[in-house]
Amino acid sequence: MLIDIYKALIQVSYPVFIHPYIKKRIKIGKEDPNRLNERLGQPKLPRPEGKLIWMHGASVGETISMLPLIDKILKEDKNIHVMVTSGTVTSADVMSKRLPERAFHQYIPIDNPKFVKNFIQHWQPDLALWFEAELWPSLISEIHKNKIPLVLVNGRIADKAFKHWKMFKFFSKEMLDCFDLCLGQSKEDTRRLNAIGAKDAQYLGNLKYAGFNPPVDADKKQNIVNQIGNRPLWGVISTHNNEEEQIGQYIAEMKKQIPNLFTLIAPRHPQRGVTIQEQLSKLGLSTALRSKNEPIEAKTDVYIADTIGEVGIWYDIAPIIFIGGSLIPHGGQNFIEPCRFHDAVFVGPNTQNFTEATERATEAQAITQVKDAKELTQKVVSLLQNANELKDKQEKAYLWAQSEAQVLDGIVKVIKEYL
């Protein structure tokens, strides 16, 4: 009943609020005007023959976590196609480069009942897999209405979301009743899913442990390596607003202890590159911006890699990586990927998005958690000065990541039961 009320409100508010909002997103580059038809539930691609599995994730992190699952499913059954949906331009760009044959990307339709109905009728998926935490009532209910098996994969219920869902359990239960199965990202997420109304919640492990390494373009990598030379370096990856400044204020001090130190920063949102450059320049640091093809010179303190799809290069060339979103109350970004690259990995105090993974990785000494930017930079300097300790940190990170990667087989086995 509550979902029906939601649908009615969406239909009424669409022309007044949602349509102008979408137009605004187009202007600021957050929507692709050439593919707006997909957001309006008007796909242009034909439905492929045979079985079609639909996988949905909100953005880049969720869609990348699907890749090993997609690869395994397609290899095991040549009659299956996979459609990946997401809502961001960045994720669409990444998927266009990384999806294998018999897999394709579409933008998720706006959660208007009319758009959703057209979308479902066109694609008629045999199975829908929902990744992590983004739940759209119109879509979810339409899938259920059409008797399409629906499985929540790597379900994540953050602290704040859990408090809200508990307050409105009558609504969360109505939503979760549409799912045939909910697979929690952690044991705690699974407990929370049960607590807010999931009829069948299980824990098989975190799919992100089984992810592919991001691609590394050999020519681009060599070009960067040639420019850096033999300078000592470290990487600051997936940073959010203010984290670059927090770290930047200590870079000059780091260089006093590690002469010629080179810092590489790859922000979570590449469009912030120019802003980051301005902020670091005010701190007296010499910077180069990748999006402008600015060369790395001997005087360059910080290289700002404000690009998409190149994070594998930065993981590959830097022996030490700090993962952002963790010096601020964001909850942290995925630190598992650099572990698979044999990097020594640091995170800040705010890792609520990966609570269980942080505990497991810390126990295995696979990552180092610091309280602030000052402690981070001090520990990075210490590690760069001690080759044996650095090698030990790198090896422990890699071994932990490998040991945690067995989750994929269990998830594939469960999914097959719904085909």
Side-chain angles (χ1 to χ4, degrees), residues 25-32 59-61 63-64 86 88-98 213-228 231 233-251 261-297 299-318 320-328 330 332-335 337-338 341 343 346 348 373 376:
R25 283 174 58 86
I26 291 173
K27 286 183 179 180
I28 61 177
K30 290 192 174 184
E31 296 282 350
D32 185 345
S59 189
V60 176
T63 51
I64 287 177
S86 63
T88 67
V89 174
T90 303
S91 60
D93 184 68
V94 171
M95 288 298 101
S96 70
K97 297 180 176 68
R98 299 190 62 178
N213 284 345
V216 177
D217 185 303
D219 292 336
K220 289 181 179 179
K221 174 190 169 183
Q222 192 57 53
N223 178 267
I224 290 293
V225 168
N226 290 343
Q227 291 186 65
I228 297 173
R231 294 175 64 179
L233 75 152
W234 69 304
V236 179
I237 309 296
S238 291
T239 49
H240 290 250
N241 185 38
N242 185 248
E243 290 186 305
E244 301 89 3
E245 284 186 288
Q246 287 188 48
I247 293 170
Q249 64 181 319
Y250 294 105
I251 288 178
L261 177 67
F262 182 80
T263 301
L264 190 152
I265 293 179
R268 178 69 173 174
H269 303 291
Q271 62 268 29
R272 294 182 51 246
V274 172
T275 300
I276 295 168
Q277 186 173 46
E278 292 172 354
Q279 292 171 340
L280 297 182
S281 295
K282 289 179 181 178
L283 294 174
L285 299 171
S286 176
T287 63
L289 202 63
R290 184 159 179 78
S291 63
K292 292 183 178 179
N293 293 315
E294 295 176 352
I296 297 170
E297 301 174 338
K299 66 176 183 179
T300 304
D301 298 309
V302 180
Y303 188 60
I304 304 167
D306 55 338
T307 53
I308 294 172
E310 295 187 321
V311 70
I313 299 174
W314 319 135
Y315 287 151
D316 206 30
I317 66 175
I320 299 172
I321 295 291
F322 167 75
I323 294 295
S326 58
L327 285 177
I328 59 173
H330 175 76
Q333 300 296 154
N334 184 1
F335 56 77
E337 286 182 346
F341 271 87
D343 294 322
F346 287 87
L376 167 66

Would you please name every residue forming a salt bridge (charged side-chain N to carboxylate O under 4.0 Å, His left out) with Arg290, sequence neighbours left out?
-> Glu310
Are any non-hydrogen side-chain atoms of Arg98 and Pro214 less than 4.5 angstrom apart?
-> yes
Flag side-chain contact, heavy atom, 4.5 Å: Ile323 against Asn334 | no
How about Val216 and Tyr315: do any of their side-chain heavy atoms sit closer than 4.5 Å?
-> no
Spacing of Ile247 atom CD1 and Asn242 atom CG [to the nearest 0.5 Å] = 10.0 Å
Measure across Gly284 and Asp301 and return the closest heavy-atom pair with its distance rounded to 0.1 Å.
-> O-OD2, 4.4 Å
Would you say Ile265 and Thr287 make side-chain contact, with heavy atoms under 4.5 Å?
-> no
What's the spacing between Ile228 CD1 and Asn223 CG if we round to 0.5 Å?
-> 10.0 Å
Gly235 versus Ala318, closest heavy-atom pair with distance = N-CB, 3.8 Å
Just by modelled atom types, is the Ser291 backbone N or O under 3.5 Å from a matching donor or acceptor in the Asp306 side chain?
-> yes
Roughly how far, to the nearest 0.5 Å, is CG of Leu285 from OG1 of Thr300?
-> 11.0 Å
Reported CH2-to-OG1 distance for the pair Trp314 and Thr307, which is rounded to 0.5 angstrom = 5.5 Å
For Gln279, side chain to side chain donor-acceptor pair (under 3.5 Å) partners two or more places apart | none
Please list, chain by chain and in numerical order, all residues satisfying ring pair (Phe, Tyr, Trp, His ring centres under 6.0 Å) with Phe346, sequence neighbours excluded.
-> none
Can you check whether Thr239's main-chain N or O pairs, donor with acceptor, with Arg268's side chain at less than 3.5 Å?
-> no
Does some side-chain heavy atom of Glu244 sit less than 4.5 Å from a side-chain heavy atom of Val236?
-> no
Is a side-chain donor or acceptor of Asn226 paired with a backbone partner of Gln222 at a separation under 3.5 angstrom?
-> yes
Reported CD1-to-CD distance for the pair Ile328 and Gln246, which is rounded to 0.5 angstrom | 8.0 Å
Taking every heavy atom of Pro267 against every heavy atom of Arg272, the minimum-distance pair comes out as CB-NH1, 4.0 Å
Correct closest heavy-atom pair for Glu337 and Ile64 would be OE2-CG2, 3.8 Å
Is a donor on one side and an acceptor on the other found under 3.5 Å between the side chain of Glu243 and the backbone of Ser326?
-> yes
Heavy-atom pair with the smallest gap, counting every atom of Val60 and Thr88 = N-OG1, 4.5 Å
Could you walk me through whether Ile251 and Val302 pass side chain to side chain contact (heavy atoms under 4.5 Å, CB included), step by step?
-> CA-CA 9 Å; Ile251 288 178; Val302 180; 3.7 Å; yes
Return the set of residues passing ring pair (Phe, Tyr, Trp, His ring centres under 6.0 Å) with Tyr303 (not counting sequence neighbours), or none when no residue passes.
-> none
Decide yes or no on salt bridge (Lys or Arg N to Asp or Glu O under 4.0 Å) for Asp93 and Lys97, but give the supporting numbers first.
-> CA-CA 7 Å; Asp93 184 68; Lys97 297 180 176 68; 2.8 Å; yes
Is a donor on one side and an acceptor on the other found under 3.5 Å between the side chain of Gln333 and the backbone of Ser238?
-> no
Residue pair Ala373 / Leu327: nearest heavy atoms and the distance that separates them = N-CD2, 3.9 Å
Hey, which of Ile321, Leu264, Asp343, Leu376 is the one that makes side-chain contact (heavy atoms from CB on, under 4.5 Å) with Trp234?
-> Leu376
Ring pair (Phe, Tyr, Trp, His ring centres under 6.0 Å) with His240: which residues, sequence neighbours excluded?
-> His269, His330
CD1 on Ile317 to CZ on Phe341, rounded to 0.5 Å = 11.0 Å
Evaluate the side-chain proximity of Phe262 to Ile296: yes if any heavy-atom separation is below 4.5 Å, no if none is.
-> yes
By side chain to side chain contact (heavy atoms under 4.5 Å, CB included) - contacts of Glu278 (at least two apart) = Val274
